[in-house]
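Lettering follows sequence order; numbering is per chain, from 1.
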Number of protein chains: 2
Amino acid sequence: MTGEGQAARTIARGGGHAVWRQIVEHLAADIDAGRLQPGARLPNEMALAETFSVNRHTVRRALAELAAKGLVRASIGRGTFVELPRLAYPIGPRTRFTEIVESGGREASGELISSDSLVASAEVARRLNLPEGASVLRLVTRRSADGVPVAYGTSFLPLPRFAGLAERWAEYRSITKAFADFGVADYSRAETRITAREAAADEAAELDLAARCIVMVLESLNVDSAGVPIQLTRSLFAADRVELVVGR
Amino acid sequence: MTGEGQAARTIARGGGHAVWRQIVEHLAADIDAGRLQPGARLPNEMALAETFSVNRHTVRRALAELAAKGLVRASIGRGTFVELPRLAYPIGPRTRFTEIVESGGREASGELISSDSLVASAEVARRLNLPEGASVLRLVTRRSADGVPVAYGTSFLPLPRFAGLAERWAEYRSITKAFADFGVADYSRAETRITAREAAADEAAELDLAARCIVMVLESLNVDSAGVPIQLTRSLFAADRVELVVGR
DNA sequence: AGGAATTTGTGCGTATGTATG
DNA sequence: TCATACATACGCACAAATTCC
């Protein structure tokens, strides 16, 4: 709740409060108060610069911050827009993406962005309980609910065992079904490690997010019914779209 | 887990690949390969600018990206440093802070910052399965490992049942022992909901963090052996100090 | 104790590239 | 084809926090 109309666009300089931060607060207040509606286009950067009597770069720094907070999103040649979304996503020890999403009445979809094989790094080999120098299959995938990207992840799988899995994945659009073709009737998540950080620019793009939004990073290890590691995955979830639920 | 990637050692200009992105890849590869060890100081921005033959702003753009990825951290007047590994913090049905930390060879400590009683909000009452308008005990606590704040949290407990628990907590320095005095020989975590966001100024202060750090927010519900909800807790974990581990 | 040096943070001015409509 | 608007990059200057001497 800042002031009235246009007048209160004054910036206090040299007061220990960075100019760009003050601009962030102004615009965030406008969004919060509904003066800038979800989906609305902000004035362009030059106009904002004039409004606040600052350089365009200073406006850009403020807009980058708002994007990081998930409040706005910039699009080249079009403008900068107020974000709207909000999407909930549960996760558990026996997570099946498709089941979870569809049980929530949403339409689950997944894309295989890329796949290749490579020699496992020391870290990957250790987690998958493979000898140093073993080959692994790498899958880069994106999963969406109702067309909105939810998770963007990279998986590593032991290679002699799962050669050709990428094609099955692409065909079935389900890792569970693809696993079945390789004799994995069931699998479970042995461990998940969770951290959070700002999304890097490329990651944000894959998740169709504003740059520098906060993402939760999940590193999970799937094991087959015999307890043998079969898949190590690092997935990114947009923190302002997803709430993880553990247990129950 | 990042990889095997071999970043180009030279900066290609005008090739559709932004210069600052190439610098990101170069430095990330150095960190991944161990040429830059955890805790090591990077060359200062001017030196990096000369190394890559770019402007200091371009280096800064790359460093901001690396900071977003959690690989480095900048500090005014000191330099930019490779981030240290995080403390693994298991989240499970039987999470016990003291046990977790001490099993990791660290010294666990906890402080009761404040306690009071109040009428439960609708949300709190619902989660604790209490009638509207019920009284609850509120505890604000901070837990540390080796003197470094790890978690800062607020708990709500049903009040007729746990009146006086705050004093026991302060005496025993252990919620587990305090519960025992109220006939709760055992309890478990029924559910944990995890999100992440930027820390507010006061929260950052309590966690001894720089402002604007990212925190993971855990809302967990503890139940006694009969399955009755006894404690609803919202805890903040510094995302760059802690890695939550689910399962196993 | 205190000032100088070091290093990151902020801000301005300018120029050019690229995507959109 | 053209104007618009964001993206990248360079150069300069000063502020703020820390460390060094």
**Study point:** Shortest non-hydrogen separation from Ala74(B) to Thr80(B) and the atoms involved
**Key:** CB-OG1, 3.7 Å
Check your understanding: Which nucleotide in the set dT8(C), dC6(D), dC10(D) lies at the smallest distance from any side-chain heavy atom of Arg60(B)?
Key -> dT8(C)
Point to revise | With Thr233(B) via side chain to side chain contact (heavy atoms under 4.5 Å, CB included) - residues at least two apart | key: Ser155(B), Ser220(B), Gln231(B), Ser235(B)
Point to revise | Non-neighbouring partners of Ala239(B) that pass side chain to side chain contact (heavy atoms under 4.5 Å, CB included), sequence neighbours left out | key: Ala196(A), Ile214(B), Met216(B)
Check your understanding: For Glu83(B), which residues count as a side chain to side chain contact (heavy atoms under 4.5 Å, CB included) partner, sequence neighbours excluded?
Key -> Arg73(B), Asp240(B)
Practice item. Among the candidates dC6(D), dT14(C), dA5(D), find the nucleotide nearest to the side-chain atoms of Arg41(A). Key: dA5(D)
Revision key, fill the gap. Sequence neighbours excluded, the answer for side-chain hydrogen bond (donor to acceptor under 3.5 Å, both in side chains) partners of Glu111(B) is Arg142(B)
Point to revise | By side chain to side chain contact (heavy atoms under 4.5 Å, CB included) - contacts of Leu84(B) (at least two apart) | key: Pro38(B)
Practice item. May I ask you to verify if any side-chain N or O of Asn55(B) is less than 4.0 angstrom from the OP1 or OP2 atom of dA9(D)? Key: no
Check your understanding: Would you say the side chain of His57(A) and the base of dT14(C) hold a donor-acceptor pair, judged only by whether the two atoms sit under 3.5 Å apart?
Key -> yes
**Study point:** Between dA9(D) (C1') and Trp20(B) (CH2): distance, integer Å
**Key:** 13 Å
**Study point:** Rounded distance in Å - CD1 (Ile23(B)) to C1' (dC10(D))
**Key:** 13 Å
Point to revise | Check: His17(B)/Glu25(B) side-chain N/O donor and acceptor closer than 3.5 Å | key: yes
Point to revise | For atom CZ of Phe52(B) and atom C1' of dT8(D), their distance in whole Å | key: 17 Å
Practice item. Would you kindly give the CD-to-P distance between Glu45(B) and dG11(D), to the nearest whole Å? Key: 15 Å
Practice item. Respond yes when some side-chain nitrogen or oxygen of Thr80(B) is under 4.0 Å from OP1 or OP2 of dT8(C), and no when none is. Key: yes
Check your understanding: Atom CZ of Arg21(B) and atom P of dA7(D): how far apart are they, to the nearest Å?
Key -> 10 Å
**Study point:** Rounded interatomic separation in angstrom, taking CZ from Arg61(A) and P from dT8(D)
**Key:** 14 Å
**Study point:** Atom pair distance, as rounded to whole Å: CE in Met46(A) and C1' in dA7(D)
**Key:** 16 Å
Tabulate protein N/O versus nucleotide N/O from nucleotides 16-21 of chain C, keeping only pairs under 3.5 Å, one per line.
none

Review point. Rounding to a whole Å, what distance do you find between Glu50(B):CD and dT7(C):P?
Key: 12 Å
